[in-house]
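To start, the structure itself, in structure tokens.
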There are 2 protein chains.
Amino acid sequence: MGNDIIHSIRDFNRFYTAILGVVNHHILESEYSLTEARVIYELHSAAALTARELKEMLQIDEGYLSRIITKFVKNGILRKKQVKSDKRAYLLELTAKGNKVFEAIDQQSDVQVAHLIEHLGKAEQKKLVELVTQVKALLTRE
Amino acid sequence: MGNDIIHSIRDFNRFYTAILGVVNHHILESEYSLTEARVIYELHSAAALTARELKEMLQIDEGYLSRIITKFVKNGILRKKQVKSDKRAYLLELTAKGNKVFEAIDQQSDVQVAHLIEHLGKAEQKKLVELVTQVKALLTRE
DNA sequence: AAATAATACTTGCTTAAGTCAAGTATTTTT
DNA sequence: AAAAATACTTGACTTAAGCAAGTATTATTT
């Protein structure tokens, strides 16, 4: 297979790994891990999820997730509601405080990305969006 | 600032985080960590480096790096040569065995990226390279 | 209906990654 | 010659994460 192509992609992967490192730095410096932030993010997007669903979505160890959930409940950012029709399962939702935590992380993420593209003019920024949208489209198998 | 733009970039970041996870999975399952693989990679590219230079390039803790180096020397994949003009510093080079380790990781990385783009035709693959090259160019401040 | 298997989550144990700070040897600056 | 800076090492610690066994509940089989 075309090694030039593969090597170009790999070069980009290394480059973008560094970019993501910079952009995610604020999360790693917050009191939440990247995985915890993803949990918060998912819980904010989907109204209510069970641990099992979260585990599937994020592809993380269920023991680890269980501990994250316990910690979040203790912190008061997450609420568990036992499912009536299945007492083993719990629907998870962010509390008001949890939503605030989400907002804070989310806003900071915006700021980081804003920094990333602040040196570009509006047209270039739009071009960038077009480019990454096409990249995503190409790399998404239907 | 244009929030649509920022949100599009962030969406791509999430997408590409998952891509990188898949592509790097084989390293995490090898006997080396991602950081160790990066060390091996850098030492392969640049003929000889000091720990300090490596630390700067990879932006990692020097204590952690020191331990990685010790481990690599013990494993026989890395050689330290004390710098004559500065006895505190050591030039680091991969041994023949180290180069083989690099080759193995490198080849596997090629395979992973090949999988990533195997569903695309040649023209689409070239298009993809063009796209990511442009993305990198835009995100690289001069 | 009772036994068996599967599911949803929890808990204990362990490892490995990574950080921080203090320590040693050497080199540079004052 | 003393003080400061540099290159690296070491000890002590934290935390992310994985694995496996355990508990309670629900679904399936016989």
Side-chain angles (χ1 to χ4, degrees), chain A residues 17-18 20-22 24-43 46 48-75 78-93 105, chain B residues 17-18 20-21 24-43 46 48-75 78-93:
Chain A
T17 297
L20 290 173
V22 171
N24 288 330
H25 195 247
H26 74 283
I27 297 177
L28 296 168
E29 281 199 324
S30 78
E31 59 179 315
Y32 301 98
S33 74
L34 228 65
T35 305
E36 289 173 337
R38 290 173 72 206
V39 169
I40 293 170
Y41 182 88
E42 292 298 339
L43 286 175
L49 296 169
T50 65
R52 175 127 253 269
E53 288 167 328
L54 258 176
K55 180 204 148 177
E56 296 298 332
M57 296 170 81
L58 301 177
Q59 294 287 14
I60 56 179
D61 179 75
E62 60 185 331
Y64 180 39
L65 178 56
S66 175
R67 271 179 249 266
I68 289 176
I69 290 167
T70 302
K71 176 184 162 189
F72 281 3
V73 170
K74 210 167 283 171
N75 285 0
L78 182 62
R79 187 173 32 237
K80 287 168 70 170
K81 276 204 254 177
Q82 198 169 37
V83 177
K84 276 178 197 142
S85 57
D86 185 347
K87 287 173 193 162
R88 295 169 304 178
Y90 301 85
L91 281 174
L92 309 170
E93 308 183 285
I105 295 175
Chain B
T17 297
L20 290 172
N24 288 329
H25 194 247
H26 73 285
I27 298 177
L28 296 168
E29 281 198 327
S30 78
E31 60 178 315
Y32 301 97
S33 74
L34 228 66
T35 304
E36 289 173 338
R38 291 173 73 205
V39 168
I40 293 171
Y41 182 87
E42 292 297 340
L43 287 174
L49 295 169
T50 65
R52 174 126 255 269
E53 288 168 328
L54 259 177
K55 179 202 147 176
E56 296 297 333
M57 296 170 82
L58 301 177
Q59 295 285 16
I60 57 179
D61 179 76
E62 60 184 332
Y64 180 38
L65 178 56
S66 175
R67 270 179 250 266
I68 290 176
I69 290 167
T70 302
K71 175 184 163 190
F72 281 2
V73 170
K74 210 167 283 172
N75 285 1
L78 183 62
R79 188 171 33 236
K80 288 168 69 170
K81 278 204 254 178
Q82 197 168 38
V83 177
K84 277 179 196 142
S85 58
D86 186 345
K87 289 174 192 161
R88 294 168 305 178
Y90 300 84
L91 281 174
L92 309 170
E93 306 183 286

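Throughout, a chain's letter reflects where its sequence line sits, starting with A, and its residues are numbered from 1.
In this structure a side-chain-to-backbone donor-acceptor pair under 3.5 Å is present from D61(A) to Y64(A).
Across all their heavy atoms, K87(B) and Q82(B) have their closest contact at O-NE2, 2.7 Å. Between A48(A) and E93(A), the shortest heavy-atom distance links the atoms CB-CG, 4.0 Å.
Looking at R67(B), its side chain has no donor and acceptor atom pair within 3.5 Å of the base of dG18(C). Judged by distance alone, with hydrogens and angles left aside, R88(B) brings a side-chain donor or acceptor within reach of the base of dT6(D), the pair sitting under 3.5 Å.
The CD-P distance, from E56(B) to dC8(D), rounds to 11 Å in whole Å. Taking atom NZ of residue K55(A) and atom P of nucleotide dT10(C), one finds them 13 Å apart after rounding to whole Å. Going from atom NZ of K81(A) over to atom P of dA8(C) covers 20 Å, rounded to whole Å. Between the CD atom of E31(A) and the P atom of dA16(D) there is a distance of 11 Å, rounded to whole Å. When the C1' atom of dC9(C) is taken as reference, atom CD1 of I69(A) falls 9 Å away, rounded to whole Å. The nearest whole Å value for the distance from the CG atom in L54(A) to the P atom in dA17(D) is 15 Å. Atom-to-atom, CD of Q59(B) to C1' of dT19(C) comes out at 15 Å; the value is rounded to the nearest Å. Atom-to-atom, OH of Y90(B) to C1' of dT27(C) comes out at 14 Å; the value is rounded to the nearest Å.
Position along DNA chain D of the nearest nucleotide to E53(B) versus D61(A) favours E53(B) as the more 5'-ward residue. Residue order along DNA chain C, read from the 5' end via each residue's closest nucleotide, puts D86(A) first among D86(A) and T70(A). Nucleotides of DNA chain C nearest to I68(B) and E62(B) differ in position, and the one nearer the 5' end is that of I68(B). Heavy-atom nearest nucleotides on DNA chain D were determined for V83(A) and for I60(A), and the one closer to the 5' end corresponds to I60(A).
Taking the charged nitrogens against the carboxylate oxygens, E62(A) and R52(A) have no contact shorter than 4.0 Å, which rules out a salt bridge.
Taking side-chain N and O atoms only, T35(B) has a distance below 4.0 Å to OP1 or OP2 of dG18(C). A sub-4.0 Å separation between OP1 or OP2 of dA7(D) and a side-chain N or O of R52(B) is present. The phosphate of dT9(D) has OP1 or OP2 within less than 4.0 Å of a side-chain N or O from K80(B).
Here dA7(D) is the nucleotide among dA7(D), dT19(C), dC9(C) with the atom lying nearest to any side-chain atom of A89(B). Comparing dT27(C), dT11(C), dA8(C) by their closest approach to the side chain of S66(A) singles out dT11(C).
The local environment of NE2 in H25(B) is sparse, with at most 12 non-hydrogen atoms from other residues, nucleotides or ligands closer than 6.0 Å.
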